[in-house]
Amino acid sequence: MIMELSRSFYTNMKRNHRQQIKWQQAQALFEALKCRDADTAMHSLVTGYTSVQLLIHLRFQGAFLQHMRIDDVYLGGLLHDIGKLSMGDDILKSDKKLDQSQRDELEGHVAEGVGILRKLGMEKDIVDLCLYHHERADGSGYPAGRMEVPAIGRLAAVADVYAAMKVPRAYQDMERSDADIMGYFYSNHEQYDLTIIDALAEVVKQLAQNGGKSGNIGEVHDEKGARR
Ligand SMILES: [Fe+2]
C-alpha cells in the first residue's frame, strides 16, 4: 500500500515539476539509483512520501517546520541515500553482517550524498535532510554523532526508519506491521523526536482509515503554490 502510494506520488510530483532544472537533475539521479538497486530506490520513494506526510501533519498541528517547502522535503527524502551509488555491491546488496571497514564505507554514503547534492546546488533543506538522516537525538547516530539534530534531520530519521521497516530488503524479507513499527519508535523514543513519532502515528492511522488513499496527496499537486 505505502509503496504504491509512494510510486504514484513520485509520478505526480515529477509531472508537476517537469519544467524545473532541479527536478530534472533529481529525476536523473533517482533513475540512476533505480538502475543500480531497485530496493534502495523503493526505500527512497517511501522515505520521500513519508517525509512529506509528516511535514503536512506537523504543520497542521502548528508544531514546527513551518518554513520548509514541501517540494524540498520531498526531494531530500527521494535523494537522501543517493550517496549509495558509490558503494560496492558487496555492501549495498549484502544480507550479511558487515565488518568494520564495510561499515565505514556504508556510513560514508552520507558524505558522498551531501557532496553530490551540493555540487548540483540543491537547496539547503535537501542537503540537510541527507546530511542528518542517520543522526539520532541521543547522539548514537552518524556521521557526527551529534545530539543537537536540526528539525529536518529529526523528521528524516523517522521517515527513513519507517521506510526501512516497510520496504522489504535483502536483509529483511518481510514488511513489519504498523503496530510493530510504532512499538519500536515509542520504545526507542530517546533517539527520535516524540512530536514527530506522534505525527507518524497519525499518518499511519490515516493511511489505514483511508485504505491507502492519503487525503494529503492532492494538497501538493498544485505546482504554483510551492510554499504550502
Ligand atoms: Fe542512509
Side-chain angles (χ1 to χ4, degrees), residues 2-3 6 10 26 29-52 54-55 72-120 122 124-146 149-172 175-176 181 184-185 188 191-193 196-197 200:
I2 188 82
M3 288 186 265
S6 300
Y10 172 63
L29 285 175
F30 178 72
E31 293 300 324
L33 186 63
K34 202 158 75 175
C35 290
R36 180 73 204 289
D37 182 30
D39 286 349
T40 302
M42 190 68 242
H43 165 76
S44 300
L45 284 178
V46 175
T47 302
Y49 175 78
T50 305
S51 297
V52 168
L54 288 174
L55 179 62
D72 286 346
V73 169
Y74 181 66
L75 288 181
L78 189 71
L79 301 175
H80 75 288
D81 270 345
I82 201 65
K84 288 189 174 178
L85 284 173
S86 69
M87 285 165 43
D89 278 353
D90 59 323
I91 301 169
L92 183 62
K93 300 179 182 178
S94 174
D95 59 355
K96 300 187 175 62
K97 189 168 167 46
L98 302 178
D99 63 29
Q100 189 54 51
S101 75
Q102 291 173 317
R103 182 83 208 157
D104 291 344
E105 187 177 336
L106 171 70
E107 294 188 4
H109 81 278
V110 173
E112 292 285 349
V114 166
I116 292 168
L117 297 174
R118 281 188 178 143
K119 272 181 209 154
L120 290 172
M122 293 283 177
K124 186 173 188 307
D125 281 341
I126 300 174
V127 176
D128 282 354
L129 200 152
C130 174
L131 177 60
Y132 296 118
H133 75 275
H134 284 294
E135 298 289 358
R136 295 291 179 265
D138 62 357
S140 64
Y142 66 86
R146 55 187 291 162
V149 184
I152 188 80
R154 303 198 304 274
L155 180 141
V158 170
D160 179 43
V161 171
Y162 173 72
M165 291 181 178
K166 290 300 284 185
V167 180
R169 312 288 282 275
Y171 48 83
Q172 173 200 311
E175 176 182 334
R176 292 173 67 171
I181 292 171
Y184 160 79
F185 276 110
N188 295 277
Q191 295 183 33
Y192 303 96
D193 181 323
I196 299 175
I197 296 176
L200 179 65

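When a ligand or atom number is given, it counts from 1 through the structure's own listing order. What you are looking at is a predicted structure, and each value in this text was computed from that prediction instead of being measured.
- Interatomic distance, K93 NZ to K96 NZ, rounded to the nearest 0.5 Å: 14.0 Å.
- Between H133 atom NE2 and H134 atom NE2, the angle centred on the Fe ion (ligand 1) amounts to 80° (nearest 10°).
- Aromatic ring centres of H43 and H80: separated by under 6.0 Å.
- Expressed to the nearest 0.5 Å, how far CG of L200 lies from CG of L54 amounts to 5.5 Å.
- Here H80 does not reach the Fe ion (ligand 1): none of its N/O/S atoms is less than 2.8 Å from the metal.
- Partner R154 forms a salt bridge (Lys or Arg N to Asp or Glu O under 4.0 Å) with one of D160, D138, D193, D128 and no other, that one being D193.
- Minimum-distance N/O/S atom of D81 relative to the Fe ion (ligand 1): OD1.
- Nearest N/O/S atom of H109 relative to the Fe ion (ligand 1): this is NE2.
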